[in-house]
**Student:** 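This is the structure I have questions about; it appears just below.
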Amino acid sequence: MILRPLRVRFAPSPTGMFHVGSARSALFNWCLAKQTGGTFILRIEDTDESRNQPEWTQGIIDAMAWLGMDDSDPCFEGPYFQSAFAEQHVAAAARLAAAGHAYYCDCTRDDVIARTGEGNLGYDRHCRDRGLTAEAGRALRFRVPPGLTVVEDRVRGTVEFDNDLTEDFVLLRGNGSPMFLLANVVDDLQMGVTLVVRAEEHLPNTPKQQMIWDALGEEHPAWAHVPVLVNEQRKKLSKRRDKVALEMYKDEGFLPEAMRNYLMTLGWNPGDDVEIVPWEQIVADFRLEDVNHSPAFFDVKKLESFNGHYIRALSVDDFVRVCEPWTKDITNFDRSRFALIAPHVQLRLVRLSEVAAAVDFLFQHDPVVDPDSWTKAMGAENALPILLAALASYEDAGWDADTLKAGLERIGEAMGLKLGKTQAPIRVAVTGRSVGLPLFESLEVLGREESLRRLRAAAARLGVA
RNA sequence: GCCCCCAUCGUCUAGUGGCCUAGGACACCACCCUUUCAAGGUGGCGGCACGGGUUCGAAUCCCGUUGGGGGUGCCA
């Protein structure tokens, strides 16, 4: 399908950590820009009074880069900062006022309530025809025309709004600063945005913005409102209640490839009964028209499953490399030793942050012994005999996993035990736990000397000198 | 309150009037494999919110009900 290059934008406000829902909106926009050979504009909407801080902006940029959206791609444009365009916003407001599409208003919130009651009815158009001029303290309001505003939405279809139920909203505050509805439109106009893809919470804003475009005499962009992400209570994911910061997921060892793939399957599916799909294919196949209409639950369990798939798909070298942030703090960590066991580790993680707990016993002088595991494994009748037999056998055995396994199997046979039972005391002696990486491979990597030392220590603890 | 959106297994989804006895994935359960745990394999549990239409035929179209969600700032 040949499409004309789209100019899309992602316009977050830097009011906190970067939200997974924002990330998904950004991803949707990114796919559309890429697949049409268009442009992805990043515009930071920093016009809120005091809610934004510079570090949040950098957080957005870093998080987007983590997901693969940054200026190394030619489609990327920006970042722009909305605050830099205040002049244009005000100028547009002036044009609107001059053309009679807006009027000044000196009502306070209390004035309006006094007239309309507490009923939350919105502005009562009190100043509409009072002919007030611009003056400090007076807000500029949009004169909503009569009739119907029809929004053609690329994911929802046609949505109609009765203008009589739309209040004369504020364009410019009493202090002269532009409001979101206006600033957003003017920026989109200036930047040549042809398609606006954003979360559903913006759908009620759309008729208002479309009216501004019309009043400005410009052709509005196409609209697309994607469903919001919700928590288990089916409420919109919120920074206060929910764990939404992309950075937290990064820190817990989620791979960006897994995160972006998972995020894309929320409200959209790659088709053909598959979910784990190469990014290039997602970019090529994503279609707004196929996006679902209902909110999607952000399910960390499923994210973990995706992450596990992506972790297992890594080459061993890459796996070792991506584990670095979590392995570098392990005492006595040795990268080459880790690389030897890495293939086994890779199969068992759903989050990279779990790597330390899985392999630390290989580097510690003495493994941290889990009391329950010890009690269970060493309390068995055969624990000590197994330990002693293994010690004897391993003294001069060939030091590779197969030989070590065969040796322990022989010991078990002599006692009438299956390997599953025989390995338990050895595992606890060497690793400190009853579950973990494959035992014989671990012994091989640990080495004869250290392994025997641990076996002797365990035997000693059981009462044998 | 008012406006708007939405409604398939617990969750994410496939499904665009007959191919549906509703498919897949996650989670859960069982079994297999097995050196613990995983991974992998096999099987199981489990859904079209409800009521009316339209039609030879409805998960699919229409209306209503119910239930969820979003919005309703001189925030963005």
Side-chain angles (χ1 to χ4, degrees), chain A residues 11-15 45-49 51-52 82 105 107-109 118-123 137-141 151 153 155-156 159-162 165-167 169-181 183-184 199-207 225 227-228 230 232-236 262 265-276 292-306 308-309 312 344-350 358 373 377 401 404-405 408-409 412 418-424 426-428 431 433-442:
Chain A
S13 53
T15 56
E45 307 222 319
D46 57 347
T47 47
D48 189 357
E49 64 273 22
R51 272 164 69 205
N52 56 70
Q82 184 162 73
C105 166
C107 300
T108 64
R109 176 121 186 102
E118 288 289 345
N120 213 358
L121 301 171
Y123 183 60
R138 288 180 180 170
L140 182 69
R141 285 185 183 271
V151 172
D153 191 285
V155 348
R156 275 152 215 287
V159 186
E160 296 185 350
F161 297 86
D162 184 346
L165 299 170
T166 302
E167 69 173 335
F169 52 92
V170 173
L171 259 16
L172 252 30
R173 299 186 183 88
N175 66 9
S177 64
M179 295 258 319
F180 159 74
L181 255 10
N184 195 259
E200 189 191 351
E201 62 206 71
H202 285 290
L203 188 52
N205 290 327
T206 309
H225 291 88
V228 295
V230 297
E232 47 278 276
Q233 274 81 244
R234 299 245 121 221
K235 303 275 189 213
K236 186 173 71 159
Y262 175 64
T265 66
L266 259 24
W268 179 76
N269 93 297
D272 291 336
D273 288 346
V274 292
E275 295 182 315
I276 308 286
N292 258 277
H293 296 187
S294 34
F297 170 55
F298 184 82
D299 185 353
V300 177
K301 279 269 185 265
K302 186 140 186 181
L303 208 211
E304 284 179 339
S305 162
F306 272 58
H309 274 94
R312 276 172 254 135
H344 300 288
V345 182
Q346 212 174 338
L347 228 47
R348 291 168 171 76
L349 299 186
V350 293
S373 298
L404 294 167
K405 181 185 176 191
L408 196 64
E409 265 167 344
K418 297 206 175 203
L419 190 51
K421 288 283 182 203
T422 323
Q423 58 95 43
I426 308 293
R427 176 181 293 282
V428 174
T431 73
R433 299 183 211 106
S434 58
V435 298
L437 296 171
L439 179 60
F440 306 106
E441 287 76 359
S442 298

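Computed from heavy atoms alone, side chains included, the values below leave out hydrogens, waters and symmetry copies. Letters A, B, ... mirror the listed sequences (proteins, then strands); counts begin at 1.
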**Student:** If you assign A/V228 and A/F180 each to the RNA chain B nucleotide with the nearest heavy atom, which residue ends up on the more 5' nucleotide?
**Tutor:**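 Of the two residues, A/V228 wins.
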**Student:** Would you classify A/P438 as touching base, sugar-phosphate or nothing, given that sugar-phosphate means primed atoms plus P, OP1 and OP2, and contacts are heavy atoms under 4.0 Å?
**Tutor:**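 Contact class for A/P438: base.
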**Student:** Is it the case that B/G24 (base atoms only) and A/E275 (side chain only) share a donor and an acceptor within less than 3.5 Å, ignoring hydrogens and angles?
**Tutor:**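 In this structure, the two groups form a donor-acceptor pair.
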**Student:** Tell me whether the side-chain N or O atoms of A/K302 pair up with the base of B/A25 as donor and acceptor below 3.5 Å, since no angle test is needed here.
**Tutor:**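 Side chain to base: pair found, below 3.5 Å.
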**Student:** Just how far, in rounded Å, is P of B/G40 from CG of A/L347?
**Tutor:**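 Computing the A/L347:CG to B/G40:P distance gives 8 Å.
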**Student:** Rounded to whole Å, how long is the line connecting atom CZ of A/R433 with atom C1' of B/A38?
**Tutor:**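 Interatomic distance, CZ of A/R433 to C1' of B/A38: 15 Å.
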**Student:** Give a yes/no answer on whether the side chain of A/R312 brings an N or O atom under 4.0 Å of OP1 or OP2 in B/G40.
**Tutor:**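 For B/G40, OP1/OP2 do have a side-chain N/O of A/R312 under 4.0 Å.
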**Student:** Would you mind reading off the distance between A/E232 atom CD and B/G69 atom C1', rounded to a whole angstrom?
**Tutor:**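 One finds 15 Å between C1' of B/G69 and CD of A/E232, rounded.
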**Student:** How would you summarise protein contacts on nucleotides 41-48 of chain B per nucleotide, using B for base, S for sugar-phosphate only and - for none, with heavy-atom distances below 4.0 Å?
**Tutor:** --------
**Student:** For a quick check under 3.5 Å, do A/T431 and A/R427 share a side-chain donor-acceptor pair by atom type?
**Tutor:**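 The criterion, which ignores hydrogens and geometry beyond distance, is not satisfied for A/R427 and A/T431.
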**Student:** Taking only side-chain nitrogens and oxygens of A/K236, does any of them come within less than 4.0 Å of OP1 or OP2 of B/G71?
**Tutor:**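 Checking A/K236 against B/G71: at least one side-chain N or O falls below 4.0 Å of OP1 or OP2.
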**Student:** For the pair A/H293 (side chain) and A/P227 (backbone), establish whether a donor and an acceptor sit closer than 3.5 Å, ignoring hydrogens and angles.
**Tutor:**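 Flag not set: sc A/H293 to bb A/P227 has no pair under 3.5 Å.
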**Student:** Within the 4.0 Å heavy-atom criterion, would you say A/G267 contacts the bases, only the backbone, or no part of the nucleic acid?
**Tutor:**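 If one applies the 4.0 Å heavy-atom cut-off, A/G267 turns out to touch the sugar-phosphate alone, with no base involved.
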**Student:** Hey, do the aromatic rings of A/H202 and A/F180 have their centres closer than 6.0 Å?
**Tutor:**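 That pair passes the under 6.0 Å test.
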**Student:** Between B/A27, B/C3, B/U35, which nucleotide has the shortest distance from any of its atoms to the side chain of A/L165?
**Tutor:**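 Closest nucleotide to the A/L165 side chain: B/C3.
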**Student:** Checking contacts here: which listed nucleotide (B/U35, B/C12, B/C74) is nearest the side-chain heavy atoms of A/A139?
**Tutor:**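 In terms of side-chain proximity for A/A139, the closest of B/U35, B/C12, B/C74 is B/C74.
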**Student:** What is the nucleic acid contact for A/L266, judged by heavy atoms within less than 4.0 Å: base, sugar-phosphate only, or nothing?
**Tutor:**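 Answer is sugar-phosphate: A/L266 comes under 4.0 Å of backbone atoms only.
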**Student:** Kindly say whether A/V428 contributes a backbone atom to a donor-acceptor pair with the side chain of A/R433 at under 3.5 angstrom?
**Tutor:**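 The answer is no, because no donor-acceptor pair under 3.5 Å joins these two groups.
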**Student:** Under a 3.5 Å cut-off for both contacts, is B/C74 paired Watson-Crick or G-U wobble with anything, and if yes, with which nucleotide?
**Tutor:**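 Its partner: none found.
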**Student:** Rounded to the nearest Å, what distance is computed from the NZ atom of residue A/K418 to the C1' atom of nucleotide B/U36?
**Tutor:**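 Roughly 15 Å, once rounded to whole Å.
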**Student:** Using atom C1' of each nucleotide, how far apart are B/G47 and B/A59 to the nearest Å?
**Tutor:**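 Their C1' atoms lie roughly 10 Å apart.
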**Student:** Ignoring backbone atoms, establish whether A/R141 has a side-chain N or O less than 4.0 Å from OP1 or OP2 of B/G73.
**Tutor:**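 Looking at the OP1 and OP2 atoms of B/G73, neither is under 4.0 Å from any side-chain N or O of A/R141.
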**Student:** Any chance you could measure A/H225, atom NE2, to A/N205, atom CG, to the nearest 0.5 Å?
**Tutor:**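 Going from the NE2 atom of A/H225 to the CG atom of A/N205 covers 7.5 Å.
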**Student:** Just compare B/U35, B/C26, B/C4 and give me whichever is closest to any side-chain atom of A/V159.
**Tutor:**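 From the listed options, B/C4 comes nearest.
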**Student:** Could you measure the distance from the CZ atom of A/R234 to the CZ atom of A/F297? Nearest 0.5 Å is fine.
**Tutor:**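 Answer rounded to 0.5 Å: 8.0 Å.
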**Student:** Just how far is it from atom CZ of A/F440 to atom CD1 of A/I426, taken to the nearest 0.5 Å?
**Tutor:**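 With rounding to 0.5 Å, CZ (A/F440) is 8.0 Å from CD1 (A/I426).
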**Student:** Any idea which of B/U36, B/C12, B/C4 is nearest the A/F297 side chain?
**Tutor:**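 Nearest nucleotide to the side chain: B/C12.
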**Student:** At under 4.0 Å between heavy atoms, what does A/F161 touch on the DNA or RNA strands: base, sugar-phosphate, or nothing?
**Tutor:**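 Answer is sugar-phosphate: A/F161 comes under 4.0 Å of backbone atoms only.
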**Student:** Determine: side-chain N/O of A/N292 to OP1/OP2 of B/A14, distance under 4.0 Å, yes or no.
**Tutor:**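 For B/A14, OP1 or OP2 has a side-chain N or O of A/N292 closer than 4.0 Å.
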**Student:** Any strand is fair game: report the nucleotide pairing with B/A14 by Watson-Crick or G-U wobble, both distances under 3.5 Å, or none.
**Tutor:**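 B/A14 is paired with nothing.
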**Student:** Measuring to OP1 and OP2 of B/G40, would you say a side-chain N or O of A/R348 lies under 4.0 angstrom away?
**Tutor:**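 It does not, given that no N or O in the side chain of A/R348 lies less than 4.0 Å from OP1 or OP2 of B/G40.
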**Student:** Does the side chain of A/K235 get closer than 4.0 angstrom to OP1 or OP2 of B/G69 through an N or O atom?
**Tutor:**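 The answer is yes; a side-chain N or O of A/K235 sits under 4.0 Å from OP1 or OP2.
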**Student:** Should A/T47 be listed as having a side-chain N or O under 4.0 Å from OP1 or OP2 of B/A76?
**Tutor:**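 Indeed, a polar side-chain atom of A/T47 lies that close.
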**Student:** On RNA chain B, nearest-nucleotide positions of A/G436 versus A/C105: which is more 5'?
**Tutor:**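 The answer here is A/G436.
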**Student:** Answer yes or no: does a side-chain N or O of A/K301 lie under 4.0 Å from OP1 or OP2 of B/A27?
**Tutor:**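 No, A/K301 has no side-chain N/O under 4.0 Å of OP1/OP2 on B/A27.
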**Student:** Does A/R156 reach the side chain of A/V151, with side-chain heavy atoms less than 4.5 Å apart?
**Tutor:**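 Heavy-atom side-chain distance check fails, nothing below 4.5 Å.
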**Student:** Taking the P atom in each of B/G41 and B/G46, what is the distance between them to the nearest angstrom?
**Tutor:**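 Result for the P pair: 23 Å, nearest Å.
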**Student:** Side-chain contact, heavy-atom cut-off 4.5 Å: A/P438 with A/R348?
**Tutor:**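 Answer yes - side chains close enough.
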**Student:** Without decimals, in angstroms, what is the distance between A/R156 CZ and B/C4 P?
**Tutor:**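 Going from A/R156 (CZ) to B/C4 (P), I get 14 Å.
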**Student:** Return the nearest nucleotide to the side chain of A/N269; candidates are B/G24, B/U13, B/U36.
**Tutor:**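 Nearest to the side-chain atoms of A/N269, counting from C-beta on, is B/U13.
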**Student:** Would A/H202 pass as stacked on B/A76, i.e. its ring centre under 5.5 Å from the base's six-membered ring centre and planes under 30° apart?
**Tutor:**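 A/H202 ring centre within cut-off of B/A76 base, planes near parallel; stacks.
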**Student:** Students often get this wrong, so: under 4.0 angstrom with heavy atoms, is A/L437 touching a base, only sugar-phosphate, or nothing?
**Tutor:**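 Base contact.
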**Student:** Any side-chain heavy atom of A/R141 within less than 4.5 Å of one from A/V170?
**Tutor:**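 SC-SC contact between A/R141 and A/V170 confirmed.
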**Student:** Specify the separation, in whole Å, of atom CD of A/E167 and atom P of B/G71.
**Tutor:**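 In whole Å, B/G71 P lies 15 Å from A/E167 CD.
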**Student:** Of the candidate nucleotides B/U36, B/G73, B/A7, which contains the atom at the shortest distance from the side chain of A/S294?
**Tutor:**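 Between B/U36, B/G73, B/A7, the one nearest the side chain of A/S294 would be B/A7.
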**Student:** Could you check how far CZ of A/R234 sits from C1' of B/U66, rounded to whole Å?
**Tutor:**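 Checked: the CZ to C1' distance equals 17 Å.
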**Student:** Taking the C1' atom in each of B/C74 and B/C4, what is the distance between them to the nearest angstrom?
**Tutor:**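 Here B/C74 and B/C4 have their C1' atoms 24 Å from each other.
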**Student:** Name all residues meeting the salt bridge (charged side-chain N to carboxylate O under 4.0 Å, His left out) criterion together with A/E304; count only those two or more places apart in sequence or in a different chain, and write none if there are none.
**Tutor:**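 In terms of salt bridge (charged side-chain N to carboxylate O under 4.0 Å, His left out), with neighbours along the sequence ignored, A/E304 is linked to A/R351.
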**Student:** What's the CG-C1' distance between A/L203 and B/C4, to the nearest Å?
**Tutor:**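 The distance from CG of A/L203 to C1' of B/C4 comes to 6 Å, rounded to the nearest Å.
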**Student:** Tell which nucleotide pairs with B/U35, taking only Watson-Crick or G-U wobble pairs whose two distances are both under 3.5 angstrom.
**Tutor:**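 Because no pair has both required distances under 3.5 Å, B/U35 counts as unpaired.
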